[in-house]
2 protein chains.
Amino acid sequence: MGATLQTIADALGVSRSTVSNAYSRPDQLSPELRSRILDTARRLGYAGPNPNARSLRSGKVGAIGVLLTANLSLAFSDPCTVAFLRGLAAAAERRETSLLLIPLPKDPEAAQRVVRGAVVDAFCVYFVPDWCGVLEVISSRGLPVVGGEDPELIGPDQFHVGIDERAAAREVGTHIANLGHRRVAILGHWLVGNRTSGIIQVDAPEDLPYFVTRERILGYREALAAADVPWSDVLLVNVAGSHRAEGELAAGFALDRGDRATAIIATSDVLALGAIQALAARGLRAGRDVSVTGFDDIPEAAAVGLTTIRQSSEDRGRLAGEVLLDPPTDPDRRCRVLPTTLVVRATTGPAPGL
Amino acid sequence: MGATLQTIADALGVSRSTVSNAYSRPDQLSPELRSRILDTARRLGYAGPNPNARSLRSGKVGAIGVLLTANLSLAFSDPCTVAFLRGLAAAAERRETSLLLIPLPKDPEAAQRVVRGAVVDAFCVYFVPDWCGVLEVISSRGLPVVGGEDPELIGPDQFHVGIDERAAAREVGTHIANLGHRRVAILGHWLVGNRTSGIIQVDAPEDLPYFVTRERILGYREALAAADVPWSDVLLVNVAGSHRAEGELAAGFALDRGDRATAIIATSDVLALGAIQALAARGLRAGRDVSVTGFDDIPEAAAVGLTTIRQSSEDRGRLAGEVLLDPPTDPDRRCRVLPTTLVVRATTGPAPGL
DNA sequence: CAGCGCTTCTGTATCGATACAGTACTGGCT
DNA sequence: AGCCAGTACTGTATCGATACAGAAGCGCTG
């Protein structure tokens, strides 16, 4: 405490630069002097170069800022997000880089302030609403950024690592349509802002605020439309969070009505698992009475036999980290699209009555 | 890029301080001037005060450094760690504080260097071996720290949030002993450094490097000794990681021998679940042929009927965050011990032949 | 012995902001 | 008029390091 490079320098009668070199560039001074300096530093209770000062001068911090869903603590409840972080962490630790998990306030202005003030070298944007303007802040700071979202936003310092959300969703929609389902409900997480769960009407899905959800919805719509299921016939249920309990609740809206849906398409596995619970609670069986699909293929999906889209969030995270830490020079490689597969399991089957 | 406070100040003919105030202390200048400044800043592509410089001068960063297990990516595989982070994140986001997840290199010297260089206001130490010396580095930096580990290390800026590991383990040991088990195997994660999984002999468990594991082992030993099960009769299996597969493998060492253990005590639920798998693979049933216990009470434990110690890692994380963000002045409250309960379920039963 | 290259160390400028003391001006009160 | 308080802004010192150019010392060569 209180001791700085100068303190040590004075104590030994050497220059401040030399003491700095003792820490950061050992090759610039003789081993004896270096060890004398380090000894003195220890004796004086000097903890080594102040990280703040160092990063101010050198312009490097050694940290990647991670922007997750509005609610940081919620992110840790979502298996996909955790897998993504696992991959990101794997890439980061190989380079002695830290991850700064930044909670984004709901208020856009506060969110921008937080992003402006984050002490990082680069950003990784995972599931952030379009409207909050953090991408603009990042680019005005001139920091590199990798997003899993809109691939259009690619600039010289902007990278993209993701999947073809829409195409994957289209596969799901086609699968459901091919099975003959015509009364379809879609459970979408965070379709709209902070509203509570419930049936909503979205005439123009292309305006939805969250990129991922929007693209998936558009994919479902395209596939259903191609099979002559008009969008106006599709029941859209907004889900306030990607939690199982929310999924169960939301599925209720689709099940407890006269013209019960014969298929429930969920934008995530977690929601789908909730929907299956809702079915069970009503004495219905997934795959026979009502078909259910998810998205992500989390480990539990296999256990339950959930039809879903397989993607590797861990790979996604790892690749995102690698792209930031080793920016590809080739512009074509600034945008990486990872593969997905439709995994058909037991929770989907022909529409009843066919 | 390149624009600083001075750039804006020059452009408007005001002083640098005033521009700074426009951002950080709006009450110090007239609203008109402020908005003129902000406009100009926007026009010149100024992204707002440089976070590095700001934190150098003000001495604050707005981030808590989190030191997890050697392997950061591994930490995201462990449900307990994730729950801990969830709690910590909940506390942090309430105060607009970020979490800096710091991968600790295995080499102690490198680990210390990393901790010395982390740009944070405080540290949270979660599962770090005693020997690596990071606590000393933290205290020499004069930063507050909260640990889930050794409660002895409490100083003016050091806090503790944890459970009574040893007492909880004692409960498990007593439970097992009361059921009449005398051939006991213990699966311990990271009993020793980076060794591979296998049977080891530890005459002096009090020297084990990881606090949590050490305390649990000591608790088991005390309880077993009290029931006249000598320590030398206990089979100790080192597990290289808290993974289910590792647990299954490690349990094999206890099962595939002449004097098969009748009880397997695992230092975590994840390992215990692996052990149960190992039993199943050998046609044995947990609770009848071999008793199995875990530690933590992760969600899956209830599903499987695992006897275990219940603790709330999420509460632990949240409390750790709160303690750092609102340091208690009362010295007695610098050390918080959270409650645990022994939850007896189906995987433990009387020793066969009794 | 001048000249060269090498190692080792020094000194100054700089990174980009905030803290704090101080100045100028305004207006109200006695 | 004189004084005080308050607002709005300025100016300098400072936070603690690193970058980079340069100097000193030293051995070697021609």
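Keep in mind that what you see is a predicted model, and the values were worked out from it rather than measured. Chain letters run A, B, ... following the sequence lines, proteins first, then strands; residues in each count from 1.
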**Message:** Measuring from the side chain of A:Leu56 (C-beta onward, heavy atoms only), which nucleotide among D:dA8, C:dC15, C:dT10 has the closest atom?
**Reply:** C:dC15

**Message:** Need one value for A:Leu29: base, sugar-phosphate or nothing, where a base atom within 4.0 Å counts as base even if backbone is also close, heavy atoms only.
**Reply:** sugar-phosphate

**Message:** Using whole Å, what does the distance between atom P of nucleotide C:dT12 and atom CZ of A:Arg16 come to?
**Reply:** 10 Å

**Prompt:** In whole angstrom, what separates B:Lys60's NZ from D:dG16's P?
**Reply:** 15 Å

**Message:** It should be established whether B:Thr18 places a side-chain nitrogen or oxygen under 4.0 Å from OP1 or OP2 of nucleotide D:dT10.
**Reply:** yes

**Asked** Which part of the nucleic acid, if any, lies within contact of A:Gly48, taking any heavy atom under 4.0 Å across all strands shown: a base, the sugar-phosphate backbone alone, or nothing?
**Response** sugar-phosphate

**Prompt:** What is the distance from CD of A:Glu32 to P of C:dT8, rounded to the nearest Å?
**Reply:** 9 Å

**Request:** Establish, with yes or no, whether the OP1 or OP2 oxygen of D:dG16 is under 4.0 angstrom from a side-chain nitrogen or oxygen of A:Tyr23.
**Result:** no

**Request:** Decide whether A:Ser24 and A:Arg54 meet the rule of one side-chain donor and one side-chain acceptor closer than 3.5 Å.
**Result:** yes

**Message:** Heavy atoms only, 4.0 Å cut-off, all strands: where does B:Arg25 land among base, sugar-phosphate and nothing?
**Reply:** sugar-phosphate

**Message:** Please determine whether a side-chain nitrogen or oxygen atom of B:Thr4 lies at a distance below 4.0 Å from atom OP1 or OP2 of C:dC15.
**Reply:** no

**Asked** Would you say a side-chain N or O of A:Ser24 is under 4.0 Å from OP1 or OP2 of D:dT18?
**Response** yes

**Request:** Ignoring hydrogens and angles, tell me if any N or O in the side chain of B:Ser20 forms a donor-acceptor pair with the backbone of B:Arg16 under 3.5 Å.
**Result:** no

**Message:** Considering every strand and a 4.0 Å limit on heavy-atom distances, what is the contact class for B:Ser17: base, sugar-phosphate, or nothing?
**Reply:** base

**Test item: B:Val61 and B:Val120 side chains (from C-beta on) under 4.5 Å apart, heavy atoms** = no

**Prompt:** With under 30° as parallel and over 60° as perpendicular, where do the rings of B:Tyr126 and B:Phe84 fit, or are they tilted in between?
**Reply:** tilted

**Item:** 4.5 Å side-chain heavy-atom contact, A:Phe123 and A:Arg141
**Value:** yes

**A:Gln28 CD to C:dT10 P, straight-line distance once rounded to whole Å** = 13 Å

**Message:** Whole angstroms only, please: what is the CZ-P distance between A:Arg34 and C:dT8?
**Reply:** 13 Å

**Message:** For B:Trp190 and B:Phe127, take the angle between the two ring planes, folded into 0 to 90°, and tell me which bin it lands in: parallel under 30, tilted 30 to 60, perpendicular over 60.
**Reply:** tilted

**Asked** Between C:dT10, D:dA17, C:dA17, which one does the side chain of A:Ala53 approach most closely?
**Response** D:dA17

**Asked** Can a side chain N or O of A:Ser20 be found less than 4.0 Å away from OP1 or OP2 on D:dA17?
**Response** no

**Message:** Check this one for me: any side-chain N or O of B:Arg57 less than 4.0 Å away from OP1 or OP2 of C:dA19?
**Reply:** no

**Prompt:** With A:Asp39, which of A:Arg42, A:Arg36, A:Arg43 fulfils salt bridge (Lys or Arg N to Asp or Glu O under 4.0 Å)?
**Reply:** A:Arg42

**Item:** Whole-Å distance separating the CD atom of A:Gln6 from the C1' atom of D:dG16
**Value:** 10 Å

**Prompt:** Rounded to whole angstroms, how far apart are CG on A:Leu33 and P on D:dG25?
**Reply:** 16 Å

**Which residue lies more 5' along DNA chain D, comparing B:Asp27 with A:Ser58 via nearest heavy atoms** = B:Asp27

**Complete:** Angle separating the five-pair end axes of the helix from C:dC1-D:dG30 to C:dT30-D:dA1, nearest 10°, is 50°

**Complete:** Closest of D:dG16, C:dA19, C:dG11 to the A:Ser15 side chain is C:dG11

**Prompt:** Does any N or O in the side chain of A:Arg214 come within less than 3.5 Å of the main-chain N or O of A:Leu208, such that one atom is a donor and the other an acceptor?
**Reply:** yes

**Message:** Rounded to whole Å, how long is the line connecting atom CD1 of A:Ile8 with atom C1' of D:dG16?
**Reply:** 13 Å

**Asked** A:Leu5 near the nucleic acid: base, sugar-phosphate alone, or nothing, with a heavy-atom cut-off under 4.0 Å?
**Response** base

